[in-house]
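The next block holds one structure in the form of structure tokens; read it before the comments.
A quick note: this is a predicted structure, and the numbers were derived from the prediction, not measured.
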Amino acid sequence: MSENKGSIVQVMGPVLDIRFADGELPELLNAIELQNNGKPLIVEVAQHIGDNVVRCIAMNSTDGLVRGTEAVDTGEPIKVPVGDQCLGRVFNLLGEPVDNKPAPAPEAY
């Protein structure tokens with residue numbers, strides 16, 4: 001994970017604007033990780049809107065999220081496991097199992 005950090009400047013429902021340092025904008029579709037009330041929240045970069053700000057879409061609820069919260073660029077897009085061990089399983093959009101079985105050891109993402 002990269003150490004490229006920014007902070008939230010605006011929250012509009014599932015849409016977040018995050019400001020990064022000059023020249024440190026994450027790539028489009030990168031996953032950004034932050035904490036919301038002690039729980040991890042992943043957002044995806046959807047647009048560069050200027051002034052070193054990216055517009056992101058949250059992959060979970062943003063209830064309670066506040067401006068100034070630190071956000072860390074993961075340096076890569078959201079990845080989900082693929083392969084034979086995933087057949088017949090149920091995963092959420094982040095690749096986490098939701099079928100009450102242990103997470104598979106992925107062959108690939």
Side-chain angles (χ1 to χ4, degrees):
M1 185 182 318
S2 73
E3 286 301 316
N4 187 14
K5 296 181 181 180
S7 64
I8 296 175
V9 293
Q10 184 169 257
V11 180
M12 304 164 288
V15 179
L16 308 173
D17 289 349
I18 303 173
R19 177 170 284 124
F20 287 87
D22 271 344
E24 299 292 329
L25 280 181
E27 296 292 323
L28 292 176
L29 304 179
N30 269 13
I32 308 292
E33 203 172 280
L34 47 99
Q35 293 292 316
N36 184 16
N37 297 320
K39 296 179 185 173
L41 174 64
I42 302 293
V43 300
E44 181 179 64
V45 177
Q47 183 179 19
H48 294 155
I49 60 175
D51 197 27
N52 298 315
V53 176
V54 293
R55 182 150 291 158
C56 303
I57 307 299
M59 300 294 125
N60 210 334
S61 173
T62 59
D63 289 346
L65 202 56
V66 296
R67 289 180 299 200
T69 301
E70 184 179 85
V72 179
D73 177 18
T74 64
E76 55 190 21
I78 294 171
K79 298 190 290 187
V80 297
V82 295
D84 289 339
Q85 77 281 4
C86 297
L87 296 175
R89 300 286 307 271
V90 181
F91 299 92
N92 66 14
L93 65 139
L94 298 173
E96 300 162 342
V98 294
D99 57 3
N100 296 323
K101 294 181 183 174
E107 298 167 6
Y109 287 93

What side-chain donor-acceptor pairs closer than 3.5 Å can you find for residues 101-109, not counting sequence neighbours?
none

Donor-acceptor list for residues 37-48 side chains, cut-off 3.5 Å, not counting sequence neighbours:
unit_1 : atom_1 : unit_2 : atom_2 : d
His48  : NE2    : Pro26  : O      : 2.8

Only pairs under 3.5 Å count here: list side-chain donor-acceptor contacts from residues 11-18, not counting sequence neighbours, and write none if there are none.
unit_1 : atom_1 : unit_2 : atom_2 : d
Asp17  : OD1    : Arg55  : NE     : 2.7
Asp17  : OD1    : Arg55  : NH2    : 3.4
Asp17  : OD2    : Gln10  : NE2    : 3.0
Asp17  : OD2    : Arg55  : NH2    : 2.9

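Counting heavy atoms of neighbouring residues, nucleotides and ligands inside a 6.0 Å radius, atom CD of Gln85 exceeds 12 of them. More than 12 heavy atoms of other residues, nucleotides or ligands lie within 6.0 Å of CZ in Arg89, so this atom counts as buried by the packing criterion.
Distance OG1/Thr74 to CD/Glu33: 7.5 Å, rounded to 0.5 Å. The line from NZ of Lys5 to CG of Asp73 is 12.0 Å long, rounded to the nearest 0.5 Å. The CZ atom of Arg19 sits 8.5 Å away from the CD1 atom of Ile49 when rounded to the nearest 0.5 Å. Atom CG of residue Leu94 and atom CE of residue Met59 lie 7.5 Å apart, to the nearest 0.5 angstrom. For the atom pair CG of Asp22 and CG of Asp51, the computed distance is 8.5 Å after rounding to the nearest 0.5 Å.
Taking each heavy atom of Phe20 and Asn4 in turn, the nearest pair found is CD2-OD1, 3.6 Å. Between Thr69 and Gln35 the shortest heavy-atom distance is CG2-O, 3.5 Å. When all heavy atoms are compared, the tightest approach of Ser61 to Asn36 is O-ND2, 3.4 Å.
Hydrophobic clustering places Leu28 together with Ile32 (ILVMFWY residues linked when any side-chain heavy atoms are closer than 4.5 Å, directly or through intermediates). Hydrophobic clustering (ILVMFWY, side-chain heavy atoms < 4.5 Å, transitive): Leu93 and Ile78 are in one cluster.
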